[in-house]
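The structure under discussion appears below in the form of structure tokens.
Order of listing sets the numbers, starting from 1, for every ligand and every atom in it. We count residues from 1, following the sequence as given.
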Amino acid sequence: MQNYVMAIDQGTTSTRAILFDQQSNIIGIAQKELENYYPHPGWVEQNANDIWASTVGVMFEVLAKTGIKDTQIAAIGITNQRETTVVWDKESGQPIYFAIVWQSRQSDSYCEAFKAQGLEEMIKEKTGLLLDPYFSASKIRFILDHVAGAQERAERGELLFGTMDTWLLWKLSQGAKHMSDVSNASRTMLMNLKTLDYDEELLKLWNIPRCMLPEIHDTSEVYGYTSGLFDHPIPIAALVGDQQAALFGQTCFNPGEAKNTYGTGTFMLMNIGKEVKLSENGLVTTIAWGLDGEVNYALEGSVFVAGAAIQWLRDELKVIDSSEDSEYMANKVSDTHGCYVVPAFTGLGAPHWDQYARGTIVGITRGVNKYHIIRATLESIAYQVNDVLNAMKADSGINLAALKVDGGASANNFLMQTQADIINAPVNRPCCVETTAMGAAYLAGLAVGYWSSKEEVRHNWSIDQKFYPSITEETREQKIKGWNKAVKYSYGWAKDE
Ligand code: ADP
């Protein structure tokens, strides 16, 4: 009897294996932290062999902890940090360079050069993405340029590229499968959103040989089987980018449904259905998933500094002892006393896109105390999310019925209530906030018939708490007006005069 589905959540800070039962209960979790390397300012790298070792480690650990046998696992679903790039030797299986992490800026100059050539629009038109080193293409280019002989070896078919989904599938299947899914492939900047295949013009532009790229498949299907690890091969039945997995785990199956994840930064994704829609408001268009031969598209917008601003209150200002404390402290006062915090520590993303913006606090009068600042910092998260949501509404023409939330900071009731007030729509927090792993488990379980349909899966999603808007329209307008004014003061600060 196969009672469980295993999700492997390969994240930036750790790798986890989570077992789910058919009612979506979590039966066991194992986790291993990963080391990040910062060889130069702005560069972030990881060791792909460590990522593989951590994956094997957590898979065995979660089985040992729970006493569950490999024969009881119906399928494995892999969800992963997106865009992180590894290139390895097909014969030896050894990476030829460290894995370049999504946050890393080391390939910035390639993107700048293409911008100078006016290629931004063409790239956006084909891929839905902004020309930024965040995505995989420039990272592959960097590796092929910085490892001696790599370009020639790649052209001879001796090297393979993968994001972490592809790397783990290849390792788990002992080199039998070199594949990726549409959600991950849509982050490479090499895939055409409409044809769902690598785009010849883009391959030429980046000078990346097609033979090193993984085959692109649906998100939910049996890709292959584990080989050599267990006595019984287990089907690997989903590969999916982490944010898209969370969208699925939140059961946002219909156009117009959206989720926001509150972590270090925030990630909002809205399902926009079966048609590509390019953003005119600074968002990216991406593939949510491929399921039953059809793809769903999504709009995506992120806020760079969200939970990180709470860490700043804790670690730099030292006005709170823990992130959780921020809620209690914010509730000590009834408003921010007219002050606004704009935590633009690393510039501002959608819809402002000002890399020169820097943090600022405005509206300080003699009565402003630390509680007001803490409250204003929490409110700044809600305002930033509202800005992204407004861009999404403008692009999609859809008015959101409710926002589903997850991530560490979604535990903060003050923040969630403020969010509902500012977006003027209910905020729904589910009982299970492990939505990323759950999404991967669902997609794998659906592929092997462990769950029969999306409707069955939707049944398992339940609300922990619903937050309703509770302020007047006038108050809302006034607050947002103040925020818009405050944000303008942060613009362009770091620019040389
Ligand atoms: P990530 O996946 O980006 O590491 P998590 O989802 O684990 O993030 O959330 C951690 C972030 O959320 C941290 O930045 C932390 O400061 C913030 N955070 C966690 N709990 C709370 C809370 N109760 N109130 C406000 N912020 C919180």
Side-chain angles (χ1 to χ4, degrees), residues 7-16 18 26 29 31-36 44 46 79-84 101-103 134 164 241-247 249-250 259-269 300-332 336 341 343 345-346 349 359 370-371 373-385 404-420 422 427 429-430 432-440 464-465 467:
I8 295 172
D9 181 359
Q10 203 301 295
T12 316
T13 49
S14 72
T15 305
R16 303 188 306 158
I18 305 184
I26 293 177
I29 301 184
Q31 175 163 0
K32 281 200 193 312
E33 300 295 321
L34 288 170
E35 204 155 334
N36 281 282
V44 190
Q46 288 181 341
T79 179
N80 54 291
Q81 52 170 320
R82 304 174 302 172
E83 298 105 9
T84 297
V101 178
W102 56 276
Q103 298 149 317
Y134 193 95
M164 289 307 111
D242 53 7
Q243 297 307 323
Q244 290 96 325
L247 189 69
Q250 289 272 28
K259 70 90 198 173
N260 194 47
T261 301
Y262 297 79
T264 312
T266 72
F267 284 96
M268 189 185 295
L269 268 76
E300 174 173 328
S302 51
V303 169
F304 302 149
V305 176
I310 308 306
Q311 290 168 287
W312 169 72
L313 292 175
R314 184 192 63 195
D315 302 337
E316 267 68 42
L317 295 196
K318 300 193 193 305
V319 289
I320 51 173
D321 290 330
S322 69
S323 298
E324 293 73 32
D325 276 359
S326 61
E327 179 171 349
Y328 166 78
M329 304 285 250
N331 279 321
K332 285 230 182 211
T336 68
V341 172
F345 303 153
T346 55
K370 68 174 177 182
Y371 303 116
I373 303 274
I374 294 166
R375 191 175 174 110
T377 306
L378 279 169
E379 288 191 357
S380 77
I381 301 175
Y383 288 122
Q384 293 184 91
V385 168
K404 291 178 170 177
V405 298
D406 51 51
S410 72
N412 189 308
N413 292 329
F414 170 79
L415 173 59
M416 294 302 103
Q417 182 57 50
T418 307
Q419 192 67 80
I422 299 298
V427 165
R429 186 172 63 202
C432 178
V433 288
E434 290 287 354
T435 53
T436 305
M438 211 148 89
D464 160 49
Q465 200 168 335
F467 300 85

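Within a 4.0 Å radius of atom 1 (P) of ligand 1, the protein contributes at least one heavy atom. At least one protein heavy atom sits closer than 4.0 Å to atom 14 (O) of ligand 1.
When hydrogens are left out, the protein atom nearest atom 22 (C) of ligand 1 is S323 O, 3.7 Å; that is the closest non-hydrogen contact. The nearest heavy-atom contact from the protein to atom 23 (N) of ligand 1 is E324 CA, 3.6 Å.
Nearest approach of P343 to V305, heavy atoms of both residues: O-CB, 3.4 Å. Scanning all heavy atoms of the two residues, the minimum distance from D406 to K259 falls at OD2-CD, 4.1 Å.
Atom numbering of ligand 1 starts at 1 in the shown order; those under 4.0 Å from a heavy atom of G407 are 6 (O). Using a 4.0 Å cut-off to heavy atoms of A308, the atoms of ligand 1 that qualify are 14 (O).
Heavy atoms of other residues, nucleotides or ligands lying less than 6.0 angstrom from CG of D321 number 12 at most.
No N or O atom of T13 sits closer than 3.5 Å to an N or O atom of ligand 1. Among the atoms of G307, some N or O lies under 3.5 angstrom from an N or O of ligand 1. Considering backbone and side-chain atoms together, G265 places no N or O closer than 3.5 Å to any N or O of ligand 1.
Contact analysis leaves E327 out of contact with ligand 1, as no non-hydrogen atom separation drops below 4.0 angstrom.
Under a 3.5 Å cut-off, the side chain of R375 and the backbone N or O of A330 do form a donor-acceptor pair. Although no hydrogens or angles enter the test, the distance criterion places no donor-acceptor pair under 3.5 Å between the side chain of Q243 and the main chain of L269.
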